[in-house]
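For reference, the structure discussed in these notes is given below.
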Amino acid sequence: MAFFEDLTKKVQDVAFTAAEKAQEVAAIASEKASNVADRAKTEYAIAAEKRSLDKNYRAVGEWYLSTIEEAPEAVADIVSAIRASQAKIAELEASRPVKEEAPAAEAEEPAEVKTCPNCGAAVTSKFCPECGTEV
């Protein structure tokens, strides 16, 4: 009997050690998943702030261009490129073909109204909407 008791004790020790290792692995995996999620949230927040910053830069640039007559020498090339792009867009929009409207659809004739042989309801399709009988 001592043999079986020793074997049982060894199996229990191995199972206990395996359970401890599984808990350690699960804790590490959970921590890594949490770190990845935190990093993703941070990356998303950074990207959102960059989009906001770009939008604000664009608004300042548009305001600046609308208020100046002649650009300073430091930004003259950029301002002339922007104004050339604006002129090209205006030209393309002016030459854009007019969107044709689809011709009005011919008025469809109203569907023939029938009477359901089962319940007497008015029917315009293959089946009665009241009782489901095929007409």
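Taken to the nearest 0.5 Å, the CD atom of Glu62 stands 9.0 Å off from the CD1 atom of Ile82. Note that the CD atom of Glu91 and the NZ atom of Lys88 stand 5.0 Å from one another [nearest 0.5 Å]. Leu65 contributes atom CG, which lies 8.0 Å from atom OG1 of Thr67 (distance to the nearest 0.5 angstrom). Expressed to the nearest 0.5 Å, how far OG of Ser125 lies from CD of Glu112 amounts to 12.0 Å. Distance check, rounded to the nearest 0.5 Å: CD of Glu49 to OH of Tyr44 gives 11.0 Å. Put simply, NZ on Lys50 and CG on Asp54 are 9.0 Å apart, with the number rounded to the nearest 0.5 Å.
Across all their heavy atoms, Arg83 and Glu69 have their closest contact at NH1-O, 3.9 Å. Minimum heavy-atom separation, Pro129 to Val123: CD-CG2, 4.1 Å. Taking every heavy atom of both residues into account, Ala122 and Val113 meet most closely at CB-CG1, 3.9 Å. When all heavy atoms of Gly132 and Phe127 are compared, the closest pair comes out as O-CD2, 3.6 Å. Residues Thr133 and Cys116 approach most closely at CB-SG, 4.1 Å, considering heavy atoms. Pairing each heavy atom of Ala76 with each of Ala71, the nearest pair is CA-CB, 4.1 Å.
With hydrogens and angles ignored, the 3.5 Å screen pairs a side-chain donor or acceptor of Thr42 with a backbone N or O of Asp38. Between the side chain of Ser34 and the main chain of Ser30, no donor-acceptor pair closer than 3.5 Å is present.
Trp63 and Ile68 end up in the same hydrophobic cluster when Ile, Leu, Val, Met, Phe, Trp and Tyr side chains are linked at under 4.5 Å.
More than 12 heavy-atom neighbours from other residues, nucleotides or ligands sit within 6.0 angstrom of CD on Glu43. Within a 6.0 Å sphere centred on CD of Glu20, other residues, nucleotides and ligands contribute more than 12 heavy atoms.
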